[in-house]
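The figures here come from the full heavy-atom set of this structure, side chains too, leaving out hydrogens, waters and symmetry mates. Below, chains carry the letters A, B, ... as their sequence lines are ordered, and counting in each starts from 1. Model, not experiment: these values are computed from the prediction.
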2 protein chains.
Amino acid sequence: MTRPRGRPAQGKTVARDDILNVALTLLDEGDGQGLTMRALAARLGVTPMSLYHHVGDQAGLLRALSERVYTEVLEGIDKLVDHRAEIRMLLTRYHQAVGRHPQLTLAIFATPEAFSGVTREITDRLTTLLAEITTEPMLCHILIDHAHGSGLALASARNERQAQAMQEQYQHALDSLLDRFAPPS
Amino acid sequence: MTRPRGRPAQGKTVARDDILNVALTLLDEGDGQGLTMRALAARLGVTPMSLYHHVGDQAGLLRALSERVYTEVLEGIDKLVDHRAEIRMLLTRYHQAVGRHPQLTLAIFATPEAFSGVTREITDRLTTLLAEITTEPMLCHILIDHAHGSGLALASARNERQAQAMQEQYQHALDSLLDRFAPPS
DNA sequence: ACCTGAACACCGTTCAAGT
DNA sequence: ACCTGAACACCGTTCAAGT
């Protein structure tokens, strides 16, 4: 009558990487309500509680996702001699990351415990770089806020062509901001 | 055995205004998870389902809240002759509204159906005003994004003194942006 | 018009128990 | 170490029924 308990004889262990991948698609394919511990477990063919072993609770899951997504922003950014070029690169990649996973960004905003050190790394790197080319301390916040807003707006692009156009508009705005606050000397 | 059904003889009708007031405090006093239809109803001494009669479903509730909060932004803004002064006033009030109800702002971000026409009115007014003093079309987005980001950050102020200081920093940044994109002629 | 209880289909998370 | 079922305390929302 009762189904078998415990770890099944042939049971495959679910990989942490798979959890994160599937979680990310659940988050992106819906309106943000698609990612639940139960739905995630079901999609992975596993009991909800087994997830807790790999990623902790829901905030832990979000933090892991945030790490995975935002780490890509820092990867392959060589310390350029040209500060301005490095700033552009960093922000463009960040903007893209937000645009690719807007629901993740919103979820993190609403879940302070989900903040990962990676985002801190990004903003720290940006502030030190910006300190080299401008004396306006608020420029960093302005740039990051705009990356958020514009990145989130990217979600409402109707097709790839429009998304491309919005990306270019962002680049333009970014250049304009840098020009006006830190004119190339 | 069974408790009475239907409208109680002396039952007071719950007022829509009370619903919104209590909903707003539930939203603000917690970490954003405090506002649920059931908790709201309980606080009002009413069954959850009675709420649906007044504000519709959860998205309707959020839209009503958004209207109440953001309408105050537009109120008492006389059309000033000085475009720049009006822009400053509009954004400062918007920034304050976001800062006072950060969780509402986040909830609306995550719930597109909750968008009220009022926010559209605000951005429309801003765009037409900005068109008068600058040719950079993205300035409007930059200003609104920064109002969002800085307003949301206001939530993490540890005391009123610090909040005041952050408000002033926002003003400063706003002026700086306007100066650089639309220098007073 | 306005409020009610019951019901449906969900949630996150803890726990003790299996292998 | 890793997975399990059962249970607890919640959700939003629909429905038919009361006054």
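Residue B/T47 has a polar side-chain atom (N or O) positioned under 4.0 Å from OP1 or OP2 of C/dT4. When the side-chain nitrogen and oxygen atoms of A/H54 are compared with OP1 and OP2 of D/dC3, one or more of them lie within a distance under 4.0 Å.
Using a 4.0 Å cut-off between a side-chain N of Lys or Arg and a carboxylate O of Asp or Glu, A/R93 and A/E75 do not qualify as a salt bridge. Taking a cutoff of 4.0 Å between a charged side-chain nitrogen and a carboxylate oxygen, B/R100 and B/D28 do not qualify as a salt bridge. Here A/R84 pairs with A/D179 in a salt bridge; the nearest charged N to carboxylate O distance falls below 4.0 Å.
Of all non-hydrogen atoms in B/C140 and B/T127, the two that sit nearest each other are SG-CG2, 3.4 Å. The shortest heavy-atom contact between A/L20 and A/L65 is O-CD2, 3.5 Å. Here the closest heavy-atom approach between residue B/Y170 and residue B/L143 is recorded as OH-O, 4.4 Å.
Checked by atom type, the side-chain pair A/S150/B/H141 shows no donor-acceptor distance below 3.5 Å.
Between B/L44 atom CG and C/dC3 atom P there is a gap of 10 Å when expressed in whole angstrom units.
Taking atom P on both D/dA9 and C/dC10, the two are 22 Å apart, rounded to the nearest angstrom.
The shortest distance between side-chain heavy atoms of B/V98 and B/L154 does not fall below 4.5 Å.
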Kindly express the pairing pattern of DNA chain C in dot-bracket notation, using | wherever a base pairs with another strand and counting only Watson-Crick or G-U pairs under 3.5 Å. ||.|||||...|||||.||
Test log, rule side-chain hydrogen bond (donor to acceptor under 3.5 Å, both in side chains), inputs A/T47 and A/Y52: CA-CA 10 Å; A/T47 308; A/Y52 286 74; over 6 Å; no
In B/S/- notation, 5' to 3', how is nucleotides 10-15 of chain C contacted by protein heavy atoms closer than 4.0 Å? -BBBB-
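Distance alone, capped at 3.5 Å, is enough to place a donor-acceptor pair between the A/T71 side chain and the A/E67 backbone.
Contacts between residues 16-23 of chain A and DNA chain C, defined by a heavy-atom separation below 4.0 Å, involve no residue at all.
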